[in-house]
Amino acid sequence: MDKGKVYLVGAGPGDPKLITVRGLEALKRSDVIVFDRLAGPQLLNHARPDAERIYVGKLPDRHTMKQEDINRLLVDLALQGKTVIRLKGGDPTVFGRVGEEADLLQKNGIIYEIIPGITSAIAVPAYAGIPVTHRDLASSFSVITGHESPDKLDHSIYWDKVTNATGTLVFLMGVAKIGYISEQLIKHGRSPETPVALVQWGTRAEQRTVVGTLSDIDDKVKAANLKPPAVIIVGDVVRQRDTLSWIEKKPLFGQRVLVTRARSQASELLAKIDDLGGETYEFPVIETRLPTSDESIRAIEDALGQADAYDWVMLTSVNGVEYFFNWLDRCGIDIRRFHRAKFAAVGPKTAEALASRGIRADLLPESFRAEGLLDSLDSQITAGQSALLPRGDLARETLPKELKERGVRTVEIDVYETAMSAPRDLWLPEMLANGEIHVITFTSSSTVINLLEALRGLGVNNPAETLNHIEIACIGPVTAKTAEENGLRVSIVPEKYTIDGLVEALVERRRVTKGE
Ligand code: SAH
């Protein structure tokens with residue numbers, strides 16, 4: 001058997017978008033992913049669904065896997081012919097033990113690549129508004145490990161040389177030793193007034209910064225109960241933070257928002273939350289797909305075959321538009337065969353999706369719920385007309401029912417099916433229980449039902465109780481009603497039932513809870 005290959009990849013400091021393009025390509029391509037917690041769990045969404053995931057970090061019943069065992073694991077997997085990625089926090093060569101991993105691979109004749117990552121030593125200060133060098137304040141920086149007991153620390157660090165060697169000093173793994181580190185730096189010639197910052201969980205929703213001077217930082221860290229992981233920055237560049245801090249100023253900074261929508265539809269919501277400084281956590285519980293039963297396919301073909309018989313084509317969602325055109329293509333039907341029909345689109349996004357196919361909707365209902373459509377239709381639609389409704393299998397019954405009551409011949413076709421999907425996610429139940437998810441967004445009733453079901457599948461006995469410790473945001477009253485019927489306490493419902501409305505409501509709620 002041919003030997004496999006191993007990619008030793010830096011995953012960046014936490015924000016999953018801070019991986020390199022090359023690292024992401026390796027991730028998408030690999031058969032096996034070997035990872036630990038510093039390499040953000042959300043990155044795994046990019047892996048192939050069938051890829052094997054091996055967690056080598058700490059578990060409640062197990063310590064982190066020993067480095068020698070990880071080295072051996074990488075070799076064994078590659079000897080089985082697999083393409084393996086070892087994802088490591090930050091950069092793999094900065095206190096990442098990549099040397100030991102590469103060494104054993106090399107001894108076993110296995111091809112490997114080292115793909116650098118963005119190290120926390122630079123990125124975490126940057127996210128706190130602290131550049132590690134500055135034209136006037138620091139022309140050099142050192143990255144130093146603080147991870148040793150004080151006596152060993154004295155063996156590995158020559159304080160007399162390190163203290164004044166560079167303008168900026170960056171310590172990793174040093175939170176527990178901050179008192180000792182400060183003492184040594186003062187003793188070896190740094191002013192007690194030298195500014196110091198500790199940044200915990202940089203680039204993530206939990207990012208927190210404590211600033212002081214060498215003389216008082218130990219007390220301040222204790223008072224703030226700051227815990228690892230954190231980066232320590234010593235030097236005048238720390239003062240830059242007063243003017244340069246940026247992500248902390250964004251309205252959703254500090255919020256980790258669970259997004260339950262189908263991956264294909266979630267991008268707009270994800271991008272908006274991200275732009276406002278929130279951290280998104282994707283857990284898509286829905287997937288849409290083409291119907292497969294002979295019966296549904298025949299119904300669609302028959303309905304589309306009579307394209308020139310309709311007075312109306314009514315589309316109620318972006319998915320409806322996409323799958324409608326998908327079927328036209330599959331059935332070889334030209335859109336111009338609907339030449340008699342007017343088009344109605346519920347909601348601006350549906351109208352946009354239609355417009356992108358070259359069709360300007362004739363009717364745009366004022367309200368975004370199906371009931372609103374009927375009000376605006378009142379004067380335009382008359383008994384005896386016929387309407388085609390391409391939609392999903394879970395679409396609500398209000399619209400066809402009322403159309404029929406008005407004497408309209410109504411043909412409904414399920415152009416797509418909605419199925420439950422439950423990503424394999426080791427972390428979510430624990431994160432929910434620990435308060436690491438701050439807001440949950442629901443964009444349809446099925447996202448509510450499916451999330452509860454998925455959590456039960458992940459071993460959460462009473463999901464509603466777990467979720468009720470968290471802010472729950474629903475896109476509109478119908479979704480909120482489903483949530484409440486399932487025992488959830490909904491705290492956020494926007495005035496406008498759109499993604500934009502939802503995002504605005506998140507920002508407003510955050511403003512209120514922060515007491516601004
Ligand atoms: N290879 C990694 C460093 C591994 S050592 C890199 O290049 O970033 C682990 C230490 O890195 C932690 O103890 C902490 O000091 C630092 N660290 C990593 N990620 C961090 C984060 N998101 N926020 C703060 N410190 C972090």
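Counting begins at 1 with the first residue of the sequence. Just so you know, ligand 1 is whichever comes first in the structure, and atom 1 is the first atom listed for that ligand.
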In plain terms, say whether Arg97 and Glu101 are close enough for a salt bridge, that is, a side-chain N and a carboxylate O under 4.0 Å apart. no

Ligand 1 versus Val124, non-hydrogen atoms closer than 4.0 Å: side chain, backbone, both, neither? side chain

Yes or no: does Ser120 have any heavy atom under 4.0 Å from an atom of ligand 1? yes

Tell me yes or no: between the side chains of Thr443 and Arg261, is some donor less than 3.5 Å from an acceptor? yes

How far is atom 3 (C) of ligand 1 from the closest protein heavy atom, and which atom is that? Val94 O, 3.5 Å

Can a salt bridge be assigned to the pair Lys496 and Glu504 using a cut-off of 4.0 Å between side-chain N and carboxylate O? no

Can you report which non-hydrogen protein atom sits closest to atom 2 (C) of ligand 1, along with the distance? Gly89 O, 3.2 Å

Salt bridge between Asp15 and Arg204, side-chain N to carboxylate O under 4.0 Å? no

Is it the case that atom CZ in Arg489 sees more than 12 heavy atoms from other parts of the structure closer than 6.0 Å? no

Does Pro13 have a non-hydrogen atom less than 4.0 Å from ligand 1? yes

Gly202 neighbourhood, listing ligand 1 atoms whose heavy-atom distance to it stays under 4.0 Å: 21 (C), 22 (N), 23 (N), 24 (C)

Taking distance alone, with N or O pairs closer than 3.5 Å, would you say Ala230 contacts ligand 1? yes

Of all the non-hydrogen atoms in the protein, which one sits nearest to atom 4 (C) of ligand 1, and at what distance? Phe95 O, 3.7 Å

Would you say ligand 1 has an N or O under 3.5 Å from any N or O of Asp91? yes

I'd like to know whether the aromatic ring centres of Tyr55 and Phe35 sit less than 6.0 Å apart in this structure. yes

Taking the six-membered ring of Tyr158, is the NZ or CZ of Lys161 close enough (under 6.0 Å from the centre) and on axis enough (within 45°)? yes

Under-4.0 Å salt bridge between Arg510 and Glu471: no

Is the shortest side-chain N to carboxylate O distance from Lys187 to Glu183 below 4.0 Å? no

Please determine if Arg22 and Glu25 form a salt bridge, counting it only when a charged side-chain N lies under 4.0 Å from a carboxylate O. no

At less than 4.0 angstrom from any non-hydrogen atom of Trp201, what atoms of ligand 1 do you find? 22 (N), 23 (N), 24 (C)

I need the atoms of ligand 1 closer than 4.0 Å to a non-hydrogen atom of Thr119, numbered in the order shown. 6 (C), 7 (O), 8 (O)

Mark the output for Thr203 as yes if a heavy-atom distance to ligand 1 is under 4.0 Å, and as no if none is. no

Under 4.0 Å from a heavy atom of Val199: give me the atoms of ligand 1 that qualify, with their elements. 24 (C)

Atom 13 (O) of ligand 1: of Glu206, Met173, Arg204, the nearest heavy atom sits on Met173

Short N/O distance, under 3.5 Å, between Gly14 and ligand 1? no

